[in-house]
**Student:** 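Below you'll find the structure I mean.
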Amino acid sequence: MPLLNGRAKELIAEYNRTPRCKERYNPAANAVYQARRECGDPFEPRFEHQIITGLKKFDMGRTMVEGFSMRLHCSLQAIRRKPQIDGWQDCRLSSVDLSAQGSQIVSVYECLASVGTLDPKKQSHVAATKILHWLFPDLFLMLDSKVAGTFRNLFGVRFSKSTRPGYTVEKYLQCLRLAQEDIRS
């Protein structure tokens, strides 16, 4: 069963009507997207504040322990220095060659998700996918436990039924590939 089926519009509208989405998630995402358009360069320091605000509005505040903003800044600077991201602003998930970009995606993902980057003691997979999406919204999708559950149920991605479904960069790439196939079909 595909993600993008005849009920997609209906399900999106239903989700958009939920109080949490209507009052928090959509306004927060729209503010981040607007700031992203205004900045042009997603690595401008002024955009970092929008990322932090967006993460808090998406209920990530409890995971943003002391020193988060400095760690985020350092992670984004490390990503900025990677030459492989140069063309990503013009990339779309529907058309990018994920086989050719896979190792670069892994490298950038690990700049955000690895222990000691955004969190000094834990991995930060969900925050990493949200940040990647806000940096390059046409290329990356956000992955949280609900989205992981959808990929598990519809496509058999080996996420566990838990609030900690066992995120890995390999599973994230698998989800990108599956979403791309679904978009193309």
Side-chain angles (χ1 to χ4, degrees), residues 3 28-58 60 63-144 147-148 151 155 157 159 166-184:
L3 281 171
N30 288 334
V32 174
Y33 298 139
Q34 180 65 36
R36 170 70 176 74
R37 282 189 296 277
E38 290 171 2
C39 286
D41 178 0
F43 294 99
E44 279 190 32
R46 65 187 172 125
F47 188 57
E48 292 174 23
H49 172 71
Q50 283 301 137
I51 291 172
I52 290 169
T53 301
L55 290 171
K56 287 178 181 175
K57 297 274 183 166
F58 272 73
M60 301 290 300
T63 66
M64 298 163 61
V65 297
E66 187 177 336
F68 179 85
S69 62
M70 181 52 77
R71 286 189 302 278
L72 173 64
H73 178 76
C74 292
S75 294
L76 292 177
Q77 292 309 307
I79 292 169
R80 172 178 236 165
R81 290 188 292 271
K82 294 185 176 292
Q84 62 263 33
I85 67 159
D86 289 341
W88 285 2
Q89 288 199 48
D90 299 322
C91 285
R92 299 211 175 335
L93 180 56
S94 61
S95 58
V96 71
D97 182 348
L98 288 171
S99 296
Q101 296 289 328
S103 63
Q104 292 90 343
I105 292 170
V106 168
S107 175
V108 170
Y109 181 100
E110 289 177 346
C111 284
L112 296 166
S114 296
V115 172
T117 55
L118 298 179
D119 188 291
K121 297 179 182 173
K122 297 188 268 185
Q123 295 177 332
S124 303
H125 295 281
V126 173
T129 68
K130 289 182 187 327
I131 294 166
L132 285 172
H133 174 73
W134 287 330
L135 293 173
F136 305 104
D138 294 327
L139 179 57
F140 295 108
L141 50 91
M142 293 183 186
L143 187 65
D144 61 14
V147 177
F151 278 96
F155 299 109
V157 178
F159 287 115
Y167 302 112
T168 66
V169 67
E170 293 81 15
K171 289 177 188 172
Y172 184 64
L173 276 172
Q174 183 181 9
C175 290
L176 290 176
R177 284 186 185 99
L178 290 163
Q180 183 183 68
E181 289 171 14
D182 199 57
I183 291 166
R184 287 178 175 176

**Student:** Show me the side-chain donor-acceptor pairs of residues 48-55 shorter than 3.5 Å, one per line, residues at least two apart or across chains.
**Tutor:**
residue, atom, partner, partner atom, Å
E48, OE1, H73, ND1, 3.1
E48, OE2, H73, ND1, 2.9
T53, OG1, H49, O, 3.0

**Student:** Taking the side chain as C-beta and beyond, is there a heavy-atom pair between T129 and L141 under 4.5 Å?
**Tutor:**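 No; the side chains remain at least 4.5 Å from each other.
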**Student:** Is there a side-chain contact between L135 and I85, using heavy atoms and a 4.5 Å cut-off?
**Tutor:** no
**Student:** Q180: which residues meet the side chain to side chain donor-acceptor pair (under 3.5 Å) condition with it, sequence neighbours left out?
**Tutor:**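 Q180 satisfies side chain to side chain donor-acceptor pair (under 3.5 Å) with no residue once adjacent residues are dropped.
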**Student:** With side chains defined as the heavy atoms from C-beta onward, is the minimum distance between V96 and L176 less than 4.5 Å?
**Tutor:** no
**Student:** Please list all pairs meeting salt bridge (charged side-chain N to carboxylate O under 4.0 Å, His left out) that have one or both residues in residues 66-78, counting only residues at least two apart or in different chains.
**Tutor:**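 Every pair satisfying salt bridge (charged side-chain N to carboxylate O under 4.0 Å, His left out) with a residue in residues 66-78: there are none.
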**Student:** Run the side chain to side chain donor-acceptor pair (under 3.5 Å) test against R80 and tell me which residues pass, sequence neighbours left out.
**Tutor:**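 Residues passing side chain to side chain donor-acceptor pair (under 3.5 Å) with R80: D41.
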**Student:** If we only count heavy atoms from C-beta on, is the L173 to E170 side-chain gap below 4.5 Å?
**Tutor:**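 No. Closest side-chain heavy atoms not under 4.5 Å.
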**Student:** Sequence neighbours left out, what pairs pass salt bridge (charged side-chain N to carboxylate O under 4.0 Å, His left out) with at least one residue falling in residues 114-136?
**Tutor:**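 Non-adjacent pairs meeting salt bridge (charged side-chain N to carboxylate O under 4.0 Å, His left out): zero.
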**Student:** Residues two or more places apart in sequence or in another chain: which of them pass salt bridge (Lys or Arg N to Asp or Glu O under 4.0 Å) with R92?
**Tutor:** D138
**Student:** Only pairs under 3.5 Å count here: list side-chain donor-acceptor contacts from residues 106-115, not counting sequence neighbours, and write none if there are none.
**Tutor:**
residue, atom, partner, partner atom, Å
S107, OG, K82, NZ, 2.9
Y109, OH, H125, ND1, 2.6
S114, OG, E110, O, 2.9

**Student:** Run the side chain to side chain donor-acceptor pair (under 3.5 Å) test against R46 and tell me which residues pass, sequence neighbours left out.
**Tutor:** E44
**Student:** With W88, which residues qualify under side chain to side chain donor-acceptor pair (under 3.5 Å), at least two apart?
**Tutor:**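 If we apply the side chain to side chain donor-acceptor pair (under 3.5 Å) test to W88, skipping adjacent residues, the hits are Q101.
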**Student:** If the condition is ring pair (Phe, Tyr, Trp, His ring centres under 6.0 Å), which residues does F151 pass it with, not counting sequence neighbours?
**Tutor:** F155
**Student:** Listed by chain and number, what are the side chain to side chain contact (heavy atoms under 4.5 Å, CB included) partners of E38, not counting sequence neighbours?
**Tutor:**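 For E38 the side chain to side chain contact (heavy atoms under 4.5 Å, CB included) partners, ignoring immediate neighbours, are Q34.
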**Student:** Checking K171 side chain against G166 main chain: does a donor-acceptor pair fall under 3.5 Å?
**Tutor:**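 Confirmed, K171 side chain pairs with G166 backbone.
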